[in-house]
A.B. asks: 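My structure is below; once you've seen it, I'll send some questions.
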Protein chains: 2
Amino acid sequence: MTETPLPKDAAYNPICTVDAVLLTIEGDCLKVLLHRRPKAPFEGCWALVGGYIHRDEDQGVLEAVQRILRDKAGLPALHLEQLQTYSGPKRDPRGWSVSVAHLGLVPRAQLELPQDPDVLLTDVEELPELAFDHRTILDDAVARLRGKSAYSTLPASFLDALFTLPELHRAYEIVLGVKLDPSSFRRKALDRGMIEDSGEMRTDGSRRPAKLYRLCAPAQTFDQTFAPQQW
Amino acid sequence: MTETPLPKDAAYNPICTVDAVLLTIEGDCLKVLLHRRPKAPFEGCWALVGGYIHRDEDQGVLEAVQRILRDKAGLPALHLEQLQTYSGPKRDPRGWSVSVAHLGLVPRAQLELPQDPDVLLTDVEELPELAFDHRTILDDAVARLRGKSAYSTLPASFLDALFTLPELHRAYEIVLGVKLDPSSFRRKALDRGMIEDSGEMRTDGSRRPAKLYRLCAPAQTFDQTFAPQQW
DNA sequence: GCAATAGTGTCTTTTAGACACTATCTG
DNA sequence: CAGATAGTGTCTAAAAGACACTATTGC
């Protein structure tokens with residue numbers, strides 16, 4: 001099966017990288033951060049943000065991703081969680097490889113993107129061709145976000161620390177891809193102890209000012225879903 | 001910070017392994033398969049089942065775990081999913097390492113364990129000390145099983161292909177760690193299209209024989225939970 | 001006042017939980 | 001028939017969804 005038999009029980013370490021699916025909301029759409037690969041393999045092809053682990057400074061794969069995002073997208077701390085690990089002998093032409101993929105969510109305003117034609121923030125529905133199996137990773141990331149958002153505070157990660165209830169409502173609609181009844185949404189968000197009144201108000205050009213809320217806990221999950229039943 | 005500076009952007013591949021948290025139900029308890037490590041590091045210490053990737057035969061980390069389980073526990077195909085990847089410079093004394101952990105569920109009857117004092121099937125509530133960060137991995141695995149079981153068919157993976165409704169009911173109770181009302185449970189399982197009548201019956205020593213059901217789909221998730229509200 | 005968005009109240013249907021009840025087997 | 005487990009029916013309370021309604025701003 002192989003031309004150069006290897007000692008079966010010896011340590012063999014595949015190529016090991018980390019990747020991040022960095023998502024944000026812009027213009028009522030879910031968007032993802034891509035960059036053009038400067039070198040082979042897949043030179044010139046769009047890809048997720050990623051890189052190698054630095055053994056001397058990274059305390060884990062999460063920290064490696066944070067460092068890479070800081071260097072490549074000038075990002076502060078944000079919601080970041082491990083997604084899944086992708087592996088196999090063929091996904092990287094250089095050989096057997098492992099990539100630990102992560103899901104990152106940021107408010108658009110906190111994203112400081114360089115003026116660089118090799119950096120792209122694009123709608124997840126209008127993707128260019130991607131390097132490696134990055135299309136699969138991205139699809140899995142969006143599916144995870146959708147699934148988890150139905151019963152968690154995840155979409156609030158796209159908003160600033162203080163936000164209005166209609167803003168939260170809109171974030172859930174964009175992420176879940178469905179219209180949600182404003183009244184039911186408000187009731188659920190408040191009754192579940194998801195958000196608390198900050199005492200402040202916001203008057204952003206619109207007509208009636210809205211109360212500003214904040215999350216009670218940074219990340220929370222619920223038994224009942226925000227999404228409609230037959231979703 | 002490091003004594004031997006490394007080229008920061010060069011490929012550096014950590015030690016890479018796969019591990020499996022293999023769970024089953026025996027005697028109304030959740031149990032996990034452990035084995036005693038034959039060599040350093042952690043020689044003689046109990047650990048999860050795991051090993052290295054074989055680049056010439058494994059098509060991915062999942063297949064690597066399947067191969068290792070086949071070799072070490074004589075296991076056929078079973079419910080196996082990726083759990084999470086654990087990493088860092090200190091979890092393995094040999095250096096920066098990555099372990100892709102998996103969650104496996106098997107009916108007890110399908111587990112063929114060798115008569116070997118270095119293989120142990122133990123209650124997850126009564127664990128010996130474990131090597132590496134395997135205790136953390138195991139705790140995460142049980143938490144994932146619990147969480148997912150509340151709104152999925154996962155506990156059915158502990159049963160044979162044909163099972164009675166009371167058996168399914170009991171599996172959910174053991175996994176979730178709570179009493180569930182038999183009537184409500186039955187209604188939910190049937191109304192959601194989770195199981196279908198096989199037409200057969202089982203008369204295992206008890207009094208009234210019970211209908212045998214099978215899953216409609218191998219793995220399914222639901223909006224509503226099987227667990228009680230304030231769980 | 002009008003337009004527009006923020007926020008409330010309430011009615012109907014569905015679902016959950018509790019639990020009493022019936023059914024079918026073994027001995 | 002008694003005991004035990006399998007399975008059904010039904011009542012009540014909570015939650016979801018729909019939607020009419022009121023409130024507060026800018027112009």
Side-chain angles (χ1 to χ4, degrees), chain A residues 28 149-152 159 162-174 176-214 220-231, chain B residues 28 149-152 159 162-174 176-214 220-231:
Chain A
D28 283 359
S149 292
Y151 55 93
S152 77
L159 306 177
L162 290 185
F163 51 82
T164 69
L165 230 155
E167 282 169 351
L168 186 65
H169 177 222
R170 191 80 195 105
Y172 272 85
E173 287 190 332
I174 292 166
L176 297 176
V178 286
K179 284 267 172 213
L180 298 175
D181 181 82
S183 171
S184 303
F185 180 82
R186 176 179 295 269
R187 188 190 344 147
K188 289 187 206 180
L190 291 169
D191 288 0
R192 286 171 199 179
M194 173 188 184
I195 55 177
E196 61 182 10
D197 197 331
S198 72
E200 297 176 64
M201 303 281 278
R202 170 178 299 164
T203 327
D204 56 9
S206 75
R207 312 301 166 154
R208 174 174 173 178
K211 283 187 185 175
L212 283 169
Y213 293 87
R214 70 170 71 87
Q220 227 183 325
T221 61
F222 309 99
D223 269 4
Q224 298 105 298
T225 176
F226 281 93
Q229 307 281 36
Q230 70 296 3
W231 182 59
Chain B
D28 284 358
S149 291
Y151 55 94
S152 76
L159 306 177
L162 291 185
F163 50 83
T164 69
L165 231 154
E167 280 169 353
L168 186 66
H169 177 222
R170 191 80 196 107
Y172 271 85
E173 287 190 333
I174 292 165
L176 297 176
V178 285
K179 283 267 172 211
L180 299 175
D181 181 81
S183 172
S184 302
F185 181 82
R186 176 180 294 269
R187 189 190 346 148
K188 290 188 206 179
L190 291 169
D191 289 359
R192 286 171 199 178
M194 173 188 183
I195 54 177
E196 61 182 9
D197 196 330
S198 72
E200 298 177 63
M201 302 282 278
R202 171 179 299 164
T203 328
D204 56 9
S206 74
R207 312 300 164 155
R208 174 174 173 179
K211 283 188 185 175
L212 283 169
Y213 292 88
R214 71 170 71 86
Q220 227 183 324
T221 62
F222 309 99
D223 270 3
Q224 298 103 299
T225 177
F226 281 92
Q229 307 282 32
Q230 71 296 0
W231 182 58

A.B. asks: Quickly work out the B/Lys211 NZ to C/dA23 P distance and round it to whole Å.
C.D. replies: 14 Å

A.B. asks: Which nucleotide in the set C/dG7, D/dA16, C/dA16 lies at the smallest distance from any side-chain heavy atom of B/Gln224?
C.D. replies: C/dA16

A.B. asks: Counting N and O atoms only, with roles assigned by atom type, does the side chain of B/Arg192 sit under 3.5 Å from a partner on the main chain of B/Asp223, one being a donor and the other an acceptor?
C.D. replies: no

A.B. asks: Between the main-chain N or O of A/Arg186 and the side-chain N or O of A/His169, is there a donor-acceptor pair closer than 3.5 Å?
C.D. replies: no

A.B. asks: In whole angstrom, what separates A/Phe185's CZ from C/dA6's P?
C.D. replies: 13 Å

A.B. asks: Applying side chain to side chain donor-acceptor pair (under 3.5 Å), can you list everything that pairs with B/Glu167, at least two apart in sequence or on another chain?
C.D. replies: B/Arg202

A.B. asks: Taking atom types as they are modelled, is there a donor-acceptor pair under 3.5 Å from the base of C/dA16 to the side chain of B/Arg187?
C.D. replies: yes

A.B. asks: Please list, for nucleotides 24-27 of chain D, all pairs of protein and nucleotide N/O atoms separated by less than 3.5 Å.
C.D. replies:
residue, atom, partner, partner atom, Å
D/dT24, O4', A/Arg208, NE, 3.4

A.B. asks: Check whether B/Thr225 reaches the backbone of B/Ala150 with its side chain - one donor and one acceptor, N or O, closer than 3.5 Å.
C.D. replies: yes

A.B. asks: Rounding to a whole Å, what distance do you find between A/Leu180:CG and D/dA18:C1'?
C.D. replies: 13 Å

A.B. asks: From D/dG17, C/dA6, D/dA6, pick the nucleotide closest to the side chain of A/Arg186?
C.D. replies: C/dA6

A.B. asks: If you check the B/Asp181 side chain, which of C/dA18, D/dG17, C/dG7 turns out closest?
C.D. replies: C/dA18

A.B. asks: Can you tell me how far P of D/dA6 sits from OH of B/Tyr213, to the nearest Å?
C.D. replies: 12 Å

A.B. asks: Can you measure B/Lys179 atom NZ to C/dC19 atom P for me and round it to whole angstrom units?
C.D. replies: 15 Å

A.B. asks: Starting at CD of B/Glu167 and ending at C1' of D/dA6, how long is that distance when rounded to a whole Å?
C.D. replies: 12 Å

A.B. asks: Short question: side chain of A/Glu196, backbone of A/Arg214 - any donor-acceptor pair under 3.5 Å?
C.D. replies: no

A.B. asks: Using the ring of B/Phe163 (Phe, Tyr or Trp, six-membered ring only), decide whether B/Arg170 places NZ or CZ under 6.0 Å from its centre and within 45 degrees of its axis.
C.D. replies: no

A.B. asks: Whole-Å distance between D/dG7 P and B/Leu190 CG?
C.D. replies: 10 Å

A.B. asks: Just how far is it from atom CZ of A/Phe226 to atom OG of A/Ser149, taken to the nearest 0.5 Å?
C.D. replies: 10.0 Å

A.B. asks: Is the phosphate of C/dA16 approached by B/Arg192 (side-chain N or O, under 4.0 Å from OP1 or OP2)?
C.D. replies: yes

A.B. asks: For B/His169 and D/dA6, give me the distance from atom NE2 to atom P, rounded to whole Å.
C.D. replies: 11 Å

A.B. asks: Does the base of D/dG9 carry an N or O that pairs as donor and acceptor with the side chain of B/Ser183 under 3.5 Å?
C.D. replies: yes

A.B. asks: Ignoring the backbone of B/Lys188, work out which of D/dG7, C/dC19, C/dG17 is nearest its side chain.
C.D. replies: C/dG17

